[in-house]
A.B. asks: 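Could you have a look at this structure, given as structure tokens, before my questions?
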Amino acid sequence: MGSTGKVVAGGGALGLIFLLVQLFLGGDSAQVAKALENQLNQTSDQQVIELTPQEKVVGDFVSTVLASTEDTWKQLFQQKGMAYREPKMILFKDVVQSACGGASGSTGPFYCPGDETLYMDMSFFNTLKERFGAEGGDFAIAYVIAHEVGHHVQHQLGVLEKTQNIRRQMREAQGNQVQVATELQADFFAGVWAHYEQKYLEPGDVEEAINAAAAVGDDNIQNTTQGYTRPETYTHGTSEQRMNWFTRGFKTGDLASGDTFGEMLK
Ligand SMILES: [Zn+2]
């Protein structure tokens with residue numbers, strides 16, 4: 001368990017993206033990192049540190065997937081007569097500050113509508129594999145990214161805000177149901193992306209994504225971490241629900257088939 005590797009621990013979005021771009025384009029990373037560190041030290045207490053070679057590979061892959069989701073969603077939004085805004089992305093490890101508050105590695109990846117940013121927890125990708133038994137590496141990661149992008153899509157379609165308003169007026173158990181529906185729709189949107197993704201998809205990829213969706217089901221997580229399940233506390237849906245909605249998005253590629261809410265938002 002080496003803990004000497006460096007990665008960005010928080011840090012400004014532009015900073016990290018700049019760092020990543022520099023790394024991928026072969027810039028002088030030491031110099032770039034130093035410049036960023038100076039810049040960030042003036043604005044926050046988060047530090048930009050260098051990515052390990054392994055993290056660089058993950059970071060490269062994450063950027064590729066993000067670009068692919070942008071291609072897909074730009075087209076789908078265009079068909080609806082809307083313009084898709086690209087989200088920002090920050091890779092983090094340990095802790096990070098966002099417009100939605102602070103987060104730690106145990107939070108996992110998340111999307112913050114306040115700054116339209118995807119926060120990708122590097123250590124989560126290992127957890128996904130090691131702890132919850134998600135098979136394969138790459139497409140499991142792609143699914144997680146596409147899911148978070150799904151929340152960004154929901155934000156732009158006004159779904160997130162609607163659900164937040166409704167949840168405020170509800171009891172906790174009902175609120176959880178709305179949240180589950182929100183998460184399942186993000187899984188559906190991830191499936192829609194996979195439907196249109198032609199460039200990188202390889203045989204077995206969709207199975208990997210479905211496997212990852214199963215791994216992060218509330219029942220699987222609760223069974224793994226506490227040995228029993230409490231369905232009333234579910235916030236993301238069961239493994240089966242998550243697999244089903246992803247698969248539905250993948251098979252149809254049709255946004256109109258993604259109403260996970262039913263009567264809840266009416
Ligand atoms: Zn989610």
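Quick caveat: nothing in here was measured; it's all calculated off a predicted structure. Atoms within each ligand, like the ligands themselves, are counted from 1 in listed order. Only this structure's heavy atoms are used, side chains among them; waters, hydrogens and symmetry mates stay out.
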A.B. asks: Considering just N/O/S atoms, say which atom of E183 is closest to the Zn ion (ligand 1).
C.D. replies: OE1

A.B. asks: Measure from the side-chain N and O atoms of Q185 to the backbone N and O of G258, and report whether any donor-acceptor pair falls under 3.5 Å.
C.D. replies: yes

A.B. asks: Once rounded to the nearest 0.5 Å, what's the spacing between atom CE of M89 and atom CG of L118?
C.D. replies: 7.0 Å

A.B. asks: Just to verify, which of K88, R85, H152, Q156 counts as forming a side chain to side chain donor-acceptor pair (under 3.5 Å) with E116?
C.D. replies: R85

A.B. asks: In H151, what N, O or S atom is nearest to the Zn ion (ligand 1), if we give its atom name?
C.D. replies: NE2

A.B. asks: With a cut-off of 2.8 Å, does E148 place any N/O/S atom under that distance from the Zn ion (ligand 1)?
C.D. replies: no

A.B. asks: Do any of the N, O or S atoms of H147 sit under 2.8 Å from the Zn ion (ligand 1)?
C.D. replies: yes

A.B. asks: Using a 3.5 Å distance criterion without hydrogens, assess whether the side chain of S257 forms a donor-acceptor pair with backbone atoms of G253.
C.D. replies: no

